[in-house]
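Structure, as structure tokens:
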Number of protein chains: 2
Amino acid sequence: MINKNSPIPIYYQLEELIKDQIEKGDLKPGDALPPEREYAETYQISRMTVRQAFTKLVNDGYLYRLQGKGTFVAERKVEQGLQGLTSFTEDMRARGLEPGSQLINFEVIPAPVRIAKYLSIEESSPVYEIKRIRLADQVPMALETTYISTDKVKGLTQEIVNRSLYEYIEGTLGYKIDHARQIIESSVANQIESEFLRIQEGAPIMLIQRNTYLEDETPIEVVKSSYRADRYKFMIDMKR
Amino acid sequence: MINKNSPIPIYYQLEELIKDQIEKGDLKPGDALPPEREYAETYQISRMTVRQAFTKLVNDGYLYRLQGKGTFVAERKVEQGLQGLTSFTEDMRARGLEPGSQLINFEVIPAPVRIAKYLSIEESSPVYEIKRIRLADQVPMALETTYISTDKVKGLTQEIVNRSLYEYIEGTLGYKIDHARQIIESSVANQIESEFLRIQEGAPIMLIQRNTYLEDETPIEVVKSSYRADRYKFMIDMKR
DNA sequence: TATAAAAATTGGTCTAGACAACTATATGTA
DNA sequence: TACATATAGTTGTCTAGACCAATTTTTATA
């Protein structure tokens with residue numbers, strides 16, 4: 001179960017082990033876990049190492065601790081963090097819908113003033129502008145425009161965008177996306193939106209702008225989306 | 001600075017000390033903190049204790065670590081968690097607006113079926129229904145209805161609601177609110193909403209439903225709000 | 001039996017190290 | 001000078017305990 005000679009940290013192995021048990025149902029919501037000291041004894045590791053794993057799982061919403069009583073499986077994992085942020089694709093799959101995408105524009109343009117500000121670059125410096133219709137079960141769900149600086153993300157192609165933009169940024173380029181700010185507002189569809197989304201002009205839509213950053217606050221991308229309000233609700237779980 | 005004989009944990013004292021330095025500007029975004037070993041030496045505490053404080057501050061978005069380089073002050077604190085969740089009041093203040101409230105209904109009613117489901121109680125068991133118009137700089141911002149089980153939260157009065165509902169639930173009753181789920185959707189104002197919010201019927205509004213829970217997933221309250229889209233944007237920062 | 005006291009159990013905090021992994025800097029060499 | 005190498009500094013992981021705080025269980029007592 002736990003390999004002490006592995007280069008993978010012990011606390012991380014234990015984390016995954018417990019998460020597996022929760023997902024497989026061996027540990028059910030409300031169940032008490034064996035005490036920390038028992039894990040330490042069982043796997044012949046230090047209790048502090050066990051606590052390191054537990055603490056991470058508590059922060060991630062899998063467990064909660066009660067002093068003097070024990071450590072318990074949370075009722076359901078609180079989906080905090082960038083759920084749906086990593087990709088439209090994952091968001092739709094989580095909703096049980098089949099994601100699709102239709103590229104309608106891919107070009108390099110001089111950055112509009114507001115986009116330049118969000119990306120912390122000079123006005124009119126080159127940025128990729130990627131316009132897509134996002135589909136769910138073959139029906140238009142959102143109209144999405146992504147802006148990325150050509151300086152920060154080099155060598156972007158249409159083909160990469162169609163495969164997986166995030167995989168390219170994080171995997172190939174080695175950036176580590178750390179956090180994002182989203183601004184959500186209600187509006188009504190204008191003529192362009194109504195055409196692409198196949199809804200009436202004036203129908204309610206949800207505008208979502210997402211700015212993505214690295215650890216040191218370097219902006220990586222700006223995404224502006226218009227979602228059909230009749231098909232999309234924004235859900236978010238938050239932990240104190 | 002650090003009192004080792006205090007009943008307040010050392011790691012917590014150190015946390016507060018560093019947060020203070022960040023807020024006072026002694027530590028600026030991007031600055032490297034003194035190394036962990038130096039803190040340990042300076043305050044004559046164990047490095048593991050220093051790490052416990054650092055780790056918490058990293059999780060909370062105040063700091064970030066780079067192996068081999070050091071620990072740095074984050075560019076700005078990522079406001080993750082229940083920002084604006086604790087109260088409309090705080091949300092408005094953070095936006096530089098003067099919050100106000102106008103109670104339009106306070107009564108105990110039999111729980112409607114959907115509310116009962118959300119609160120995990122029997123249909124028609126008694127719940128408080130609290131309807132308020134929320135004001136920002138004296139202008140209507142949202143129409144808000146709160147449902148709370150009379151069993152779980154006893155002795156609620158109009159006066160308490162006007163003062164601070166959360167303070168009563170957390171302070172007086174000793175519940176510890178742990179997490180919440182919010183569902184956000186776009187819509188257009190119906191006749192009732194348009195009257196209370198002083199907007200045209202059909203104008204865009206943002207519907208926000210918030211379900212609040214304790215650690216063990218006991219539901220505490222359900223809040224349904226209709227915000228004026230022309231005055232309100234929902235902002236959220238997320239950390240990976 | 002009912003109550004109070006003691007003991008056991010569990011998570012919370014803390015120590016004083018050790019070595020690994022990674023980064024930056026100084027040093028030596030071609 | 002340019003490049004490889006050694007060295008020092010930093011965070012990352014881990015140990016084997018210790019004692020504290022809160023809760024539960026057991027035991028003793030009235």
Side-chain angles (χ1 to χ4, degrees), chain A residues 1-18 27 30-74 174-176 178 214-216, chain B residues 1-18 27 30-60 62-74 174 176 178 214-216:
Chain A
M1 290 291 198
I2 298 277
N3 179 359
K4 294 179 71 168
N5 299 316
S6 163
I8 298 165
I10 296 170
Y11 76 90
Y12 184 78
Q13 295 183 49
L14 183 54
E15 257 183 74
E16 294 301 312
L17 192 153
I18 293 171
L27 286 170
D31 282 1
L33 272 74
E36 297 170 354
R37 284 172 177 84
E38 195 174 314
Y39 276 100
E41 176 69 21
T42 302
Y43 297 111
Q44 289 296 297
I45 56 180
S46 167
R47 187 181 153 219
M48 283 300 273
T49 303
V50 177
R51 277 186 71 78
Q52 195 174 353
F54 275 38
T55 300
K56 183 70 176 359
L57 292 170
V58 167
N59 280 332
D60 290 352
Y62 288 97
L63 308 177
Y64 61 94
R65 293 199 262 226
L66 297 177
Q67 186 171 356
K69 299 182 83 167
T71 303
F72 303 85
V73 180
Y175 287 123
K176 199 185 140 209
D178 181 68
L214 306 183
E215 258 181 344
D216 64 357
Chain B
M1 291 288 198
I2 298 277
N3 180 0
K4 295 179 71 168
N5 298 319
S6 162
I8 298 164
I10 295 171
Y11 77 90
Y12 184 77
Q13 294 182 48
L14 183 54
E15 257 182 74
E16 294 301 311
L17 192 153
I18 293 171
L27 287 170
D31 282 1
L33 272 74
E36 297 169 354
R37 283 177 174 81
E38 195 174 314
Y39 276 100
E41 175 70 22
T42 302
Y43 298 111
Q44 288 297 296
I45 56 180
S46 166
R47 187 182 151 220
M48 284 299 273
T49 303
V50 176
R51 277 187 72 78
Q52 195 174 352
F54 275 38
T55 299
K56 183 69 175 0
L57 291 170
V58 168
N59 279 332
D60 289 353
Y62 288 98
L63 307 176
Y64 63 94
R65 293 199 263 225
L66 297 178
Q67 185 172 357
K69 299 182 81 167
T71 305
F72 303 85
V73 179
K176 198 185 140 208
D178 182 67
L214 307 183
E215 256 182 346
D216 64 357

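Numbered from 1 within each chain, the chains take letters A, B, ... in sequence-line order.
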Task: Under-4.0 Å side-chain N/O to phosphate OP1/OP2 contact, B:T49 with C:dT13 - done: no
- [ ] Side chain of A:R47 only, please: which of C:dT15, D:dG12, C:dG12 is the nearest?
- [x] C:dG12
Open item on the list: Without decimals, in angstroms, what is the distance between A:Y12 OH and D:dC14 C1'?
Closed with: 18 Å
- [ ] Looking at every strand, decide which applies to B:Y11 at a 4.0 Å heavy-atom threshold: base, sugar-phosphate, or nothing.
- [x] sugar-phosphate
Open item on the list: I want to verify a distance call: between D:dG12, C:dC14, D:dC14, whose nearest atom is closest to the A:I10 side chain?
Closed with: D:dC14
Open item on the list: Between A:R65 and C:dG12, is there a contact of a side-chain N or O with OP1 or OP2 at under 4.0 Å?
Closed with: yes
Open item on the list: Counting distance alone, no hydrogens or angles: does the base of C:dG11 have a donor or acceptor under 3.5 Å from a partner atom on the side chain of A:R51?
Closed with: no
Open item on the list: Testing the basics here: between B:L63 and B:V73, what is the closest heavy-atom pair and its distance to 0.1 Å?
Closed with: CD2-CA, 4.0 Å
Open item on the list: Does a side-chain N or O of B:K69 approach OP1 or OP2 of D:dG9 to a distance below 4.0 Å, or not?
Closed with: no
TODO: Rounded to the nearest angstrom, tell me the gap between atom CD1 in B:I8 and atom C1' in D:dA21.
DONE: 16 Å
Open item on the list: Taking only side-chain N and O atoms of A:T71, does any of them lie within less than 4.0 angstrom of OP1 or OP2 on C:dT10?
Closed with: no
Open item on the list: Please tell me whether B:S46 and B:R51 have a donor and an acceptor in their side chains that are separated by less than 3.5 angstrom.
Closed with: no
Open item on the list: Rounded to whole Å, how long is the line connecting atom CZ of A:F72 with atom P of D:dT23?
Closed with: 12 Å
Task: Between C:dA24 (P) and B:Q67 (CD): distance, integer Å - done: 12 Å
- [ ] Take atom CZ of A:R37 and atom P of D:dC19, then tell me their distance rounded to the nearest Å.
- [x] 13 Å
- [ ] Find which nucleotide of DNA chain D each of B:P35 and A:G68 is nearest to by heavy atoms, and output the residue with the more 5' nucleotide.
- [x] B:P35
Open item on the list: Taking 4.0 Å as the cut-off, does a side-chain nitrogen or oxygen of A:Q52 come that near to OP1 or OP2 on D:dT13?
Closed with: yes
Open item on the list: Contact between B:L17 and B:Y43 at the side-chain level, heavy atoms closer than 4.5 Å - yes or no?
Closed with: yes
Open item on the list: Nearest whole Å is fine: how far is D:dT10 C1' from B:E38 CD?
Closed with: 12 Å
TODO: Indicate yes or no for a side-chain donor-acceptor contact from A:K4 to the backbone of A:Q44 under 3.5 Å, with no hydrogens or angles considered.
DONE: yes
- [ ] Evaluate the side-chain proximity of A:F54 to A:L33: yes if any heavy-atom separation is below 4.5 Å, no if none is.
- [x] yes
TODO: Starting at atom OH of B:Y43, determine the distance to atom P of C:dT15, rounded to an integer number of angstrom.
DONE: 14 Å
- [ ] On DNA chain C, check which nucleotide each of B:Q44 and A:L33 is closest to and give me the residue with the more 5' one.
- [x] A:L33
- [ ] Name the residue closer to the 5' end of DNA chain D, choosing between B:P7 and B:M48 according to the nucleotide with the nearest heavy atom.
- [x] B:M48
Open item on the list: What is the separation between atom OH on B:Y39 and atom C1' on D:dT10, rounded to the nearest whole Å?
Closed with: 14 Å
